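Note on naming: letters A, B, ... go to the chains in the order of the sequence lines (proteins, then strands), and numbering restarts at 1 for each one. Predicted model, so just to flag it, every value in this text is computed and none were measured. As a basis for the values below, the full set of heavy atoms in this structure was taken, side chains included, without hydrogen atoms, waters or symmetry mates.
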Amino acid sequence: MPIQRKRVTADPSHAIASTPVGRLRRLRRSELPEDTIELARFLIGKVLVRDHRGNRTSGRIVETEAYPVGDAAGHAFIGLTAANHSLFRAKGHAYVYLIYGLSYMCNVAAERRGIGAGVLLRALEPLEGISVMQRRRGTTGLTELAKGPGRLATAMAIDRRCDGIDLCAAGPLWLGVDDERPAVRLSRSVRIGLTKEVDRLLRFYERGNVYVSGPRGLRR
DNA sequence: AGTGCGATTGACT
DNA sequence: GTCAATCGCACTA
């Protein structure tokens, strides 16, 4: 008779505490897929790192949305402006903007220089600097720390001053990868909160990850 | 110079 | 579940 193993209680805080921050290396720009949708998939499981005022915070990217070329919901759709020009930079640059007067959204520019497209980072699984994130967010919760794009920005102290940062360079905000970690199981869905292009399946997330945002039914 | 609105969040019924 | 807050920016005039 096989021994019935007792199921380990799903405790997010324990999961975080026991998650080793493995060997992290900076992503090179040449590693990033040029295609916006491929980039959105690629970024799941990669790590966003923030070095700010002597504090390091980082988290695994668990949810993204693609805003490809020609997408009427994308900020580049109206053409190049003072506000959105970072979207037209080479892949791997940050595009940060304020929405509804209160939430910053952090994007990764995609495609070649001169082409406007990007990937919205919608949620992180916190890794380093959890207490710092908790202070910035004003909560002791763990699953709510960076679940949702505005919360992600707050937890990582990302604001408009981060717009244009090269995420593939040594600096205050960059993208890393832990090559030791196993590949991610991806799911996709429609994008959240849009009034245009509502049917396109351009949201990607790690299947079953408790740090993924969105309504029930769009998390599994 | 004025208007409308948005890739959200948190508070509240 | 509903709903208001709050700001920068593109657009119109």
Just how far, in rounded Å, is [atom2] of [N] from [atom1] of [X]?
{"X": "H75(A)", "N": "dC5(B)", "atom1": "NE2", "atom2": "C1'", "value": "11 Å"}
{"X": "E197(A)", "N": "dG6(B)", "atom1": "CD", "atom2": "C1'", "value": "16 Å"}
{"X": "K196(A)", "N": "dA7(B)", "atom1": "NZ", "atom2": "P", "value": "7 Å"}
{"X": "D199(A)", "N": "dA7(B)", "atom1": "CG", "atom2": "C1'", "value": "16 Å"}
{"X": "D163(A)", "N": "dC9(C)", "atom1": "CG", "atom2": "P", "value": "10 Å"}
{"X": "Y104(A)", "N": "dA7(B)", "atom1": "OH", "atom2": "P", "value": "16 Å"}
{"X": "R161(A)", "N": "dG8(C)", "atom1": "CZ", "atom2": "P", "value": "13 Å"}
{"X": "R160(A)", "N": "dG8(C)", "atom1": "CZ", "atom2": "P", "value": "11 Å"}

**Prompt:** Does the side chain of F204(A) reach to within under 4.5 Å of the side chain of I37(A), using non-hydrogen atoms?
**Reply:**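 Contact flag for F204(A)/I37(A) side chains = yes.
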Answer yes or no: is there a side-chain heavy-atom contact under 4.5 Å between R207(A) and V212(A)?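 The answer is no, as the side chains (C-beta and beyond) never meet within the 4.5 Å cut-off.
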Taken in chain and number order and not counting sequence neighbours, the residues that satisfy salt bridge (Lys or Arg N to Asp or Glu O under 4.0 Å) with R151(A) are none
Paired runs of 3 or more consecutive Watson-Crick or G-U pairs involving DNA chain B, with both pairing distances under 3.5 Å, are B:1-6 with C:7-12, B:8-12 with C:1-5
When all nucleic acid strands are considered with a 4.0 Å heavy-atom cut-off, which category describes A83(A): base, sugar-phosphate, or nothing?
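If one applies the 4.0 Å heavy-atom cut-off, A83(A) turns out to touch the sugar-phosphate alone, with no base involved.
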Residues L120(A) and C106(A): closest non-hydrogen pair is CD1-O, 3.6 Å
Going 5' to 3' through nucleotides 8-13 of chain B and flagging B where a protein heavy-atom sits under 4.0 Å of the base, S where only the sugar-phosphate is that close, and - otherwise, we get BSS---
Open item on the list: Assess, by modelled atom type and distance only, whether the side chains of T57(A) and R50(A) contain a donor and an acceptor separated by less than 3.5 Å.
Closed with: no
Report yes or no: is the cationic atom of R161(A) (NZ for Lys, CZ for Arg) under 6.0 Å from the centre of the six-membered ring of Y104(A), at an angle within 45° of the ring normal? no
Looking at D178(A) and R60(A), is there a salt bridge between them, counting it only when a charged N and a carboxylate O are closer than 4.0 Å?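 Looking at D178(A) together with R60(A), the answer is no, because their closest N to O distance does not fall below 4.0 Å.
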* Looking at E38(A) and K91(A), does any basic side-chain N land under 4.0 Å from a carboxylate oxygen? ->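 Salt bridge flag = no for K91(A) with E38(A).
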- Task: Show the numbers, then the answer: is there a side-chain hydrogen bond (donor to acceptor under 3.5 Å, both in side chains) between T154(A) and R136(A)?
- Result: CA-CA 6 Å; T154(A) 300; R136(A) 289 171 181 159; over 6 Å; no
